[in-house]
There are 2 protein chains.
Amino acid sequence: MVTLAEVAQHAGVSASTVSYVLSGKRSISANTRQRVERSIRELGYHPNAGARALASSRSNIIALMVPLRTDMYVPVMMEIAIAVATTARTHGYDVLLLTGEEGPDAVRRVSGSGLADGMILMDVELDDERLPLLRDGGAPGRAESGVGDDQPAVLIGLPADTTGLTCVDLDFKATGALCVEHLATLGHRDVAVIGEAPAVYERHTGFAERTLDGLRSRGRELGLRLLHRPCEGGYDAMAATLARILDERPGTTGFVVQNESAVEPLLALLRQQGRAVPEDVSVVAICPEQVAVQASVRLTSVAIPAQEMGRHAVEQLVAKLDGRGGDEVVLLAPELTVRASSGPAPVQ
Amino acid sequence: MVTLAEVAQHAGVSASTVSYVLSGKRSISANTRQRVERSIRELGYHPNAGARALASSRSNIIALMVPLRTDMYVPVMMEIAIAVATTARTHGYDVLLLTGEEGPDAVRRVSGSGLADGMILMDVELDDERLPLLRDGGAPGRAESGVGDDQPAVLIGLPADTTGLTCVDLDFKATGALCVEHLATLGHRDVAVIGEAPAVYERHTGFAERTLDGLRSRGRELGLRLLHRPCEGGYDAMAATLARILDERPGTTGFVVQNESAVEPLLALLRQQGRAVPEDVSVVAICPEQVAVQASVRLTSVAIPAQEMGRHAVEQLVAKLDGRGGDEVVLLAPELTVRASSGPAPVQ
DNA sequence: ATAGGTTGTCGAAGCGCTTCGACAGCTTTC
DNA sequence: GAAAGCTGTCGAAGCGCTTCGACAACCTAT
């Protein structure tokens, strides 16, 4: 293991000079800098992370807490995680992967031990247990949580109460609104919403409820008749759900699908029943681009901008860590792309 | 920030005593231990990770390098990553998430800086650039790589040359063999293999080639006629591939699918062409369980034991870090589960 | 009773880095 | 031409922990 001191000796300068070359926190003459850089290269020096963290009380690590369950949106989660890791590196940070398993304890552990400088939380519930630990010392007094030095954090997702929190998310309410608008414009009156698995709603995951809110309130304004049904992924569950929907509202011509693992089953079932897409029924999905273009019918969809969310979250967090306070809540505007799965409602 | 010294003072003992209570490396009287533990609880003490790493030259962190690309097996990757994180925690380790982007440099950086105690690499290519950095100081002399103190590592996947490396993987050769055996037993003679995207083969990812090897050699023994076609995911690509296959071998009655994003398109296309599954054609998939049971036809499949691979990898690595050298190469035995997508070959 | 073990605790050194204050040698300013 | 300000470098303190050797206090075996 090469140390700072060895580099210093090799370059004929003091240790502090090498440190300043590395950090750029004091000016160094071009000459000295070059000698030091050369020594660093020749000796293959890498600063020791532990020593650095100890001396500077900065670990240059961001913790990312991903959901443990894999019952939804796996590709989205993965894409976010990778975007976070990649973006973090461009800012000189590494990423520590935490699972939701430990819950609030993980937050305490990481923040107490100085393992990470800040954290990014995914899969935030409306009233998440971890939030009290993250709010910056706002209203309820100091000793509210035990984490005195508030842990800089960014949420991907939106809890019920965002005071004192920084959040990044797709604007799911606008997303819902956009979907029904599109269908309404095409003349559809009876629209069914294939939602996430019931468990997702029971958990009070914000995005599912916000989407529904957007769908409903805009749907009402536009005079649509909306039927919402949660649905587990897979063919069988979708078959049952579809049967119920068509039983209740035989005139349904528009579908909004939020559960990506219900998309392909739905298309197959519709085909099987002789309902042509988009001639007889239109389908709008809320899903990653890739799913939309790879489906058996190219789907009209609102994309979930996973990468952008990950990138944004990191940038907000880095801004916080640098003392530049970022915005509080960033909602990314949804974009609907028209593809081959939606068209004018059939004349009755 | 509570420090060791504060805990020591609060408990009326010396700092080293507290340290020994924490590490258990020396015996401590029950009385003292309890006093110290009480102080730790009352003060909410968490050892500082940096200081600990510096003093002990152990970070208690495992680095996990995931592929940057998301062109294949995303759910598998995610499941492995989560299993790694979860298992690591049970051994007192945290997980650092690295993307393949940095390549060999990431290995050098992490191992040089002491950021992690060991690493787990996924998506290993047959002749991976990162391997020379990981082989323990074997044949080619000391200065072979620049990483003198060899970085303990475990690969998930199998490179061409495994000397000096610890690897965990599904036995893909046996997997391929198992698939053709199943089809042969059912009386199928003409079998088509829907492979991964061409890029996966060009990259010389071990598992794809090993599967093919197993399929071919066992297929030959059983007297099958095998046709292998790489295939991008999605409906259009699958349609083109299927057309070519049926054009070339109209008598094809068996399919082995390795690309999970080709599964559903294939089923849809077969249905569309009036070929019933499993009456007219049989389909065997190599995919995670979840995909197999959620498909529109419950698929006969060989499962990819993602969780088990992740868990195994961590356990091997922890064993290495504890000085108990693990096995060198662990190949998990494949298991074929018969479901509704395979049946006797039609009589011609 | 005495030499030799155990057991439980402490003090101090040191891990490799950052950072503060000091200062030598300049240049600028009136 | 002295005061004031830069610039570039160094030495030393210290970050919070682990770990080694020392040693008091006790417990055996002779």
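The chains referred to below are lettered A, B, ... by the order of the sequence lines, with proteins before strands, and numbering in each begins at 1. Given the structure is predicted, the values throughout are model-derived calculations rather than measurements.
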Just the rounded figure in Å: distance from [atom2] of [N] to [atom1] of [X].
| X | N | atom1 | atom2 | result |
| --- | --- | --- | --- | --- |
| B:N48 | C:dC15 | CG | C1' | 13 Å |
| B:N31 | C:dT7 | CG | P | 18 Å |
| A:L22 | C:dT18 | CG | P | 7 Å |
| B:L4 | C:dG11 | CG | P | 14 Å |
| A:Q34 | D:dG8 | CD | C1' | 15 Å |
| A:L43 | C:dG16 | CG | P | 15 Å |
| A:R58 | D:dG16 | CZ | C1' | 18 Å |

Flag, side chain of B:D117 to backbone of B:N60, donor-acceptor distance under 3.5 Å | yes

Between B:S19 (side chain) and B:A15 (backbone), is there a donor-acceptor pair under 3.5 Å?
-> no

Closer than 4.0 Å, any side-chain N/O of [X] to the OP1 or OP2 of [N]?
| X | N | value |
| --- | --- | --- |
| A:K25 | C:dT18 | no |
| B:R52 | D:dG16 | no |
| A:S56 | C:dT18 | no |
| A:S57 | C:dT18 | no |

Select base, sugar-phosphate, or nothing to describe what [X] touches, counting heavy atoms under 4.0 Å on all strands.
| X | result |
| --- | --- |
| A:S16 | base |
| B:S23 | nothing |
| A:L54 | base |
| A:S19 | base |

Would you kindly check whether a donor in the side chain of B:Y20 faces an acceptor in the base of D:dC20, or vice versa, at under 3.5 angstrom?
-> yes

Between the base of C:dT9 and the side chain of B:R26, is there a donor-acceptor distance below 3.5 Å?
-> yes

Got a sec: does the CZ of B:R58 have more than 12 other heavy atoms crowding it under 6.0 Å?
-> yes

Heavy atoms of B:A153 and B:L134 approach each other most closely as CB-CD2, 3.9 Å

Verify the distance criterion only: is there a donor paired with an acceptor across the side chains of B:T163 and B:D161 at less than 3.5 Å?
-> yes

Note: for B:S27 and A:T17 on DNA chain C, the residue whose nearest nucleotide lies more 5' is B:S27

